[in-house]
Amino acid sequence: MTAERETLRIGFIPLADAASLFIAVDKGFAAQEGLEIELVQEVSWSNVRDKLNIGMFDAAHLLAPIAVASSLGLGHVKTPIVAPYNLAMNGNAITVSPSLHAAMNARLEGDALDPLATARALARVVADRRAAQAEPLTFGMTFPFSGHNYQLRYWMAAGGVDPDEDVRLVVLPPPYMVGSLAQGHVDGFCVGAPWNSVAVDLGVGHILHFSVELFTRYAEKSLAMRERFALEHPHVVAALLRALHRAAGFVAEADPHEVAAILARPDRVGVDAQVILRTLQGRLKVSPGGATRENARYLLLGQEGAERPDPTQAAWLYAQMARWGQAPVSPAFLDAAKAVFRADLFDAALPAVAAPPPSADAIGAVCGPAFDDRDIAAYLAAFPIRRAP
């Protein structure tokens, strides 16, 4: 480690998928790489994005789609961003209020664990409310350029619900989701852990689906930094990636109670350690009555090659932006999106870490066409609902 730059300010949102970042600092892995890191907690993704873009943060725990959108100049000032490390894959869930849960169950035809069956049940509830001249249902998501937005939209559209016409989608910071559901401001939401579990524990929500039940592998959070910073400080970037890799290994191998206790601190995630423990183990209580559901792939931090950024994942994020009218369909945009996920920087820092084997479908969506990043137009044409930019 050289002394060219040693002190970093890194922004984060209090979520379990920032675990490797917390552990890298709190267990001394960053310090062992010669890095002094100040972790700065923020409440909203727009704050994190803006402070990263203008240089108030050197790096950030960031929604992967924001890294792509910022680099493409979508929704804000264009700022080239690189994402050389995946902090997390998967980890979100869709949660609804007890009243909406009951209404959907009453109109359910099929298995409640089948996302297509629940999406169709939602469509029937939407039709019932329209016939009764009731207000549209409102769902919370964390940011327009977010997996939460795209996962909600994908699920709804699969059941025949137009997310731009049939319901309201509103932006809420993750820590505000539960309160908004409890107060009736929203009827459901999609958010990362542990906030779905907090809603269930308080009796104000039912978890319908884990995001891994919609998409097998989904790039959720990136370690993001300005491209210029990465170019000017390559040794610092490499040291940070090594520290994060060691932290991810610690999360996988250490006593999960110790990891949960670290994340539970008020200056980290700030919720009960038992809730975080269930998150790390992929064993979530899904209803206030105590029913649980398990999925070992609920949140992937370092497992299964989840750390290494995959440009195909960035291409898929861009395709969702194009599908929902946030971006034009453009070969230049596609190439720029894929260039955000810098597997080359990861490989340079961690040459001994093997890349995951290639897959015929890198996303593994529950329905719809397999994703081929060589033909975005054909992929988008397969969907019945699409917004033109």
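Since the model is a prediction, treat every value here as computed from it, not as a measurement.
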> Can you list the steps and then say if Thr95 with His206 is a side chain to side chain donor-acceptor pair (under 3.5 Å)?
Replying inline: CA-CA 5 Å; Thr95 295; His206 292 255; over 6 Å; no

Taking atom [atom1] of [X] and atom [atom2] of [Y], what is their separation to the nearest 0.5 Å?
X: Leu284; Y: Ser197; atom1: CG; atom2: OG; result: 3.5 Å
X: Leu277; Y: Leu263; atom1: CG; atom2: CG; result: 11.0 Å
X: Asp164; Y: Leu169; atom1: CG; atom2: CG; result: 7.0 Å
X: Asp187; Y: Ser99; atom1: CG; atom2: OG; result: 6.5 Å
X: Ile66; Y: Ser146; atom1: CD1; atom2: OG; result: 7.5 Å

Taking all non-hydrogen atoms of both residues into account, name the closest pair between [X] and [Y] and its distance.
X: Leu116; Y: Cys367; value: CD2-SG, 3.6 Å
X: Lys338; Y: Ala315; value: CG-CB, 3.8 Å
X: Gln41; Y: Arg268; value: NE2-O, 3.5 Å
X: Pro65; Y: Gly147; value: CG-N, 3.7 Å
X: Pro356; Y: Gly305; value: CG-O, 4.0 Å
X: Phe22; Y: Leu15; value: CE1-O, 3.8 Å

> Stepwise, does the side chain to side chain donor-acceptor pair (under 3.5 Å) test hold for Thr312 with Asp373?
Replying inline: CA-CA 6 Å; Thr312 300; Asp373 63 9; 3.2 Å; yes

Has the side chain of [X] got a donor or acceptor atom that lies under 3.5 Å from a matching backbone atom of [Y]?
X: Thr118; Y: Pro115; value: yes
X: Thr292; Y: Lys285; value: no
X: Gln303; Y: Leu301; value: yes
X: Thr138; Y: Val186; value: no
X: Ser97; Y: Gly188; value: no
X: Thr279; Y: Val275; value: yes
X: Asn86; Y: Ala88; value: no

Taking [Y] as the starting point, is it possible to reach [X] by hopping between hydrophobic residues whose side chains are less than 4.5 Å apart?
X: Leu72; Y: Leu380; result: yes
X: Ile276; Y: Met89; result: no
X: Phe383; Y: Met321; result: yes
X: Leu345; Y: Leu8; result: no
X: Ile23; Y: Val40; result: yes

Is [X] salt-bridged to [Y], going by a charged N under 4.0 Å from an acidic O?
X: Asp310; Y: Arg217; result: no
X: Arg278; Y: Asp201; result: yes
X: Glu304; Y: Arg297; result: yes

Is there side-chain contact between [X] and [Y], with at least one heavy-atom pair below 4.5 Å?
X: Phe341; Y: Ser222; answer: yes
X: Ser46; Y: Arg49; answer: yes
X: Met156; Y: Asp162; answer: no
X: Pro144; Y: Val171; answer: yes
X: Leu241; Y: Glu33; answer: no
X: Arg246; Y: Gln32; answer: yes
X: His101; Y: Leu208; answer: yes
X: Leu172; Y: Met141; answer: no

>> Please evaluate residues His148 and Trp45 with respect to the criterion ring pair (Phe, Tyr, Trp, His ring centres under 6.0 Å), reporting the C-alpha separation (whole Å), side-chain torsions for both, the decisive distance (0.1 Å), and the verdict.
In response: CA-CA 12 Å; His148 317 94; Trp45 290 115; 7.7 Å; no

>> Applying salt bridge (charged side-chain N to carboxylate O under 4.0 Å, His left out) to Arg293 and Glu213, what does each step give before you reach the verdict?
In response: CA-CA 12 Å; Arg293 193 151 79 243; Glu213 296 164 354; 3.0 Å; yes

> Just by distance, with hydrogens left out, do Glu220 and Asn90 show a side-chain donor and acceptor under 3.5 Å apart?
Replying inline: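 No donor-acceptor contact under 3.5 Å links the two side chains.
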
> Will you find, in the side chains of His61 and Asp17, an N or O donor that is under 3.5 Å from an N or O acceptor?
Replying inline: yes

> Strictly under 6.0 Å, is that where the ring centroids of Phe139 and Phe189 end up?
Replying inline: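 Distance test on ring centres: not under 6.0 Å, no.
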
>> Going by salt bridge (Lys or Arg N to Asp or Glu O under 4.0 Å), Arg9 matches just one of Glu36, Glu38, Glu42. Which one?
In response: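 Of all the options given, the one that passes is Glu38.
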
> So Tyr85 and Glu307, side chain to side chain donor-acceptor pair (under 3.5 Å) or not? Walk me through it.
Replying inline: CA-CA 6 Å; Tyr85 188 91; Glu307 298 171 289; 2.6 Å; yes

> Given the rule in the salt bridge (charged side-chain N to carboxylate O under 4.0 Å, His left out) test, do Glu258 and Lys27 qualify, once you have shown the distances and angles that lead to the verdict?
Replying inline: CA-CA 11 Å; Glu258 179 183 359; Lys27 296 301 293 185; 2.8 Å; yes

> Would Val200 and Asn196 satisfy side-chain contact (heavy atoms from CB on, under 4.5 Å), going step by step from the backbone distance to the final call?
Replying inline: CA-CA 7 Å; Val200 172; Asn196 299 282; 5.8 Å; no

> Among Leu63, Leu74, Leu317, whose side-chain contact (heavy atoms from CB on, under 4.5 Å) with Phe145 holds?
Replying inline: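 Among Leu63, Leu74, Leu317, the one meeting side-chain contact (heavy atoms from CB on, under 4.5 Å) with Phe145 is Leu74.
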
> Under the salt bridge (charged side-chain N to carboxylate O under 4.0 Å, His left out) criterion, do Arg129 and Glu135 qualify, and how do the steps go?
Replying inline: CA-CA 7 Å; Arg129 292 176 66 90; Glu135 287 290 310; over 6 Å; no

>> Taking atom CZ as the centre, does Arg265 end up with more than 12 heavy-atom neighbours from other residues, nucleotides or ligands that are less than 6.0 angstrom away?
In response: yes

> Once the angle between the rings of Trp316 and Tyr154 is folded into 0 to 90°, is it parallel (under 30°), tilted (30 to 60°) or perpendicular (over 60°)?
Replying inline: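 Tilted: the ring planes of Trp316 and Tyr154 meet at 30° to 60°.
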
>> side chain to side chain donor-acceptor pair (under 3.5 Å) for Gln326 and Tyr150? Distances and angles first, verdict last.
In response: CA-CA 11 Å; Gln326 295 175 321; Tyr150 305 138; 2.5 Å; yes

